[in-house]
Amino acid sequence: MMPTGTGVGDVSDPVVVVAAESGGHQQKRLASLDMLRGVAIILMVFVNAGGCPPLWTDHANWDTRDAPVLHLADYACPFFVFCIGTSLSLVATSVRWRMQPRIPRVRHILTRTLKMLVLGFVIKNGSVLGPGSGAWDLRTIRLVSVLSRLGFSYATVALLLVFFSPPPSPSAGRADMTGPAAPLLGGPAPSVQACDSTNSSAYKPQQLGRGRRLSEVTEYSTVWAIVIGVQVIYLGFTFGYKVPGCPPGYLGPGGNADGGPHCNVSTGNGCRNQNCTGGFMGYFDTAVLGRHHLVHHGVGTEFCDLKFKCPGPFDPNGLWGVLPSIFHVMLGFTAGRAIKLYGNKKARCTARLLSWGLGWLLAGVVLDRTGWIPISKTMWSISYCFAMSGVATLLLLLFFLMVDANSPMAVRCTAWRGGILRIAGQNSIALYVISESITPVLASFCVSSGTSPGPACVATGGPNATDNTFVGFILRGLWAIAGGRWSNIGSPVPPACAGNFPTGSWSDCHHWWVTSTLWSVLNVVVIICLAIYFDRKGITIKL
């Protein structure tokens, strides 16, 4: 990553430049896309830092058959995936991008993907700082991560656009071929003509006649055909391949989830489909990556290990789950194309986004409620892709009308321009990396506090008396604010106070819940302050 001024760009990241009324060139960014990424990064920082169990900030249970609603944590990552597609629709479809030689474009895509994979690898396997840090054990390191999902999904769709995009139209204006560039990921959103007819000379939507009513899809029919073909293969293996010892099409967590006449619920032994965690997805990732390079204790201790007694490792960010993510990116691509094609017609632009958003949301709900494909963030199911893309599209439309469109709402919000959400979204990937490093860095400093002062750093990850790292010191302060005692706190969180649906009462658990929430809020405040600093200094950290 490298810091650059907002006016410095990369020839591989073309943008549309809107001609100012004075005759010059003025870069008008799609602030609504930055806002959507800002929502994603703030949600991700809050829930990753701990959140508060009563607010359902951890991931939902395995799928909606077990937990009928999604939690806040289930919205963050899919918004990022969706935004990748929207950014690609504004950048990789421009004339300037398509007129570049293929080799530099491919090299740029692969380089960016490699950077994301390396960052994800380092974050997932822990910082070199902090107590107990040392050499990585190559026998058990994690090979996949959230950033690997983003990287592989981005690379696949971007490369398809390089090789299978339609040729640029000879009538395209030069306004689409000049101007500074903007990064696809983690930087300011690409420029786009907003729904403002006064600037239509700089950005001319295509004149769509009969048979072109789905132009945002049909223009890139070859890319869509390949992506749909990949999904057919994905669904065919997921539902048709006979995993040893498992029924075809199994999507559940295994363990004790399916019961059985000889099932021991407390251990998961003797249960039906006991060793089928994740079905074909778990089977494929175990075979390709190796069981020792996956999450070693199932997926989330509270609903997999402790509830379902999942027997083996399973990684929700595994390689097989990237295939539906590619489809997810293309849904975001379609929403972005709708903005680009109908940009100077506010009513039509709104109708297209509203139709796609409601349609995708309905498709996800129908697939889920009929039982065909349950909504599952863990499996990143097709129904999950549809539902999350529908929600993201409706949010994008709301933000679009607030800050980008030529509407009374946008006029009232002109001075605001998205505020903190927009600023955070301009450096979203960089802020995510920083947020994942806050705790390891702070835990690398020892302080003499609690009941165990001494030279050795002891990190427990909670407001415990035995934690003498700087993180423990902060957490004990938050614990005191929440009404707890500074010392003699005790080690683990009581089981009744843990999990997504805690059974403990407020009087028994509020110290833990308030402390956890305050720690999450503190992490969000730090990230927002960094985002404001980057914005005021004109710094964009891009991959």
Side-chain angles (χ1 to χ4, degrees), residues 58-71 73-74 142 144 149 231-325 364-385 387 499-501:
D58 204 346
H59 290 294
N61 288 0
W62 189 272
D63 57 37
T64 50
R65 292 173 296 185
D66 184 63
V69 294
L70 295 173
H71 298 176
D74 298 313
R142 290 280 300 280
V144 291
R149 178 189 293 277
Q231 302 314 303
V232 170
I233 295 172
Y234 163 78
L235 292 173
F237 276 96
T238 298
F239 290 96
Y241 188 88
K242 181 65 170 65
V243 177
C246 305
Y250 185 76
L251 302 175
N256 64 16
D258 301 302
H262 306 291
C263 179
N264 186 328
V265 177
S266 61
T267 64
N269 293 328
C271 300
R272 189 182 296 115
N273 306 321
Q274 172 187 349
N275 298 311
C276 298
T277 303
F280 181 78
M281 179 177 172
Y283 177 77
F284 178 87
D285 290 335
T286 301
V288 175
L289 299 174
R291 63 183 291 109
H292 297 295
H293 297 294
L294 303 176
V295 177
H296 290 270
H297 300 287
V299 187
T301 55
E302 58 246 24
F303 67 82
C304 197
D305 289 348
L306 298 181
K307 182 173 184 178
F308 296 128
K309 306 302 178 184
C310 299
F314 178 86
D315 204 314
N317 293 308
L319 296 179
W320 190 249
V322 171
L323 300 185
S325 296
V365 172
V366 169
L367 288 173
D368 176 73
R369 294 306 169 188
T370 56
W372 293 344
I373 306 178
I375 292 176
S376 173
K377 195 272 180 187
T378 305
M379 299 291 292
W380 210 278
S381 60
I382 294 293
S383 56
Y384 180 73
C385 296
N500 298 324
F501 300 98

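- Judged by distance alone, with hydrogens and angles left aside, the side-chain atoms of Ser381 form a donor-acceptor pair with the main-chain N or O of Pro374 at under 3.5 Å.
- For Thr238, the side chain to side chain donor-acceptor pair (under 3.5 Å) partners are Trp320, not counting sequence neighbours.
- The ring pair (Phe, Tyr, Trp, His ring centres under 6.0 Å) search around Phe239 returns none, not counting sequence neighbours.
- Checked against side chain to side chain donor-acceptor pair (under 3.5 Å), Asp258 has the following partners two or more places apart in sequence or in another chain: Tyr250, Asn273.
- Of the inter-residue distances, the one linking Arg272 atom CZ with Asn256 atom CG reads 12.0 Å to the nearest 0.5 angstrom.
- When side chains are defined from C-beta on, Met379 counts as touching Phe314, because their heavy atoms get closer than 4.5 Å.
- Annotation: side chain of Pro244 is in contact with side chain of Tyr283 (closest heavy-atom distance under 4.5 Å).
- Remark: side-chain polar atoms of Asp368 are paired, donor with acceptor, to backbone N or O of Ile375 under 3.5 angstrom.
- A donor-acceptor distance shorter than 3.5 angstrom exists from the side chain of Ser376 to the backbone of Trp62, with no hydrogens or angles considered.
- From Asp285, atom CG reaches atom CG of Asn317 across 10.0 Å, with rounding to the nearest 0.5 Å.
- Two residues are said to be in side-chain contact when any heavy atoms from C-beta on lie closer than 4.5 Å; Gln274 and Asn269 meet this criterion.
- When every heavy atom of Ser325 is checked against every heavy atom of Gly321, the shortest pair comes out as OG-O, 3.2 Å.
- Closest of all the heavy-atom pairs between Cys271 and Asn264 is SG-N, 3.7 Å.
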Going through the distances and angles, do Asp315 and Leu289 end up as a side chain to side chain contact (heavy atoms under 4.5 Å, CB included)?
CA-CA 10 Å; Asp315 204 314; Leu289 299 174; 5.9 Å; no
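- Between Ile382 and Pro324, the shortest heavy-atom distance links the atoms CD1-CB, 4.0 Å.
- Once rounded to the nearest 0.5 Å, the distance linking CG of Leu235 with CD1 of Ile373 reads 5.5 Å.
- Contact between Pro253 and Ala257 at its shortest, heavy atoms only, is CG-CB, 3.6 Å.
- The aromatic rings of Trp380 and Tyr384 sit perpendicular, their planes meeting at an angle over 60°, well past the 30° parallel limit.
- Residues Phe284 and Phe237 have side chains not in contact (no heavy-atom distance under 4.5 Å, counting atoms from C-beta outward).
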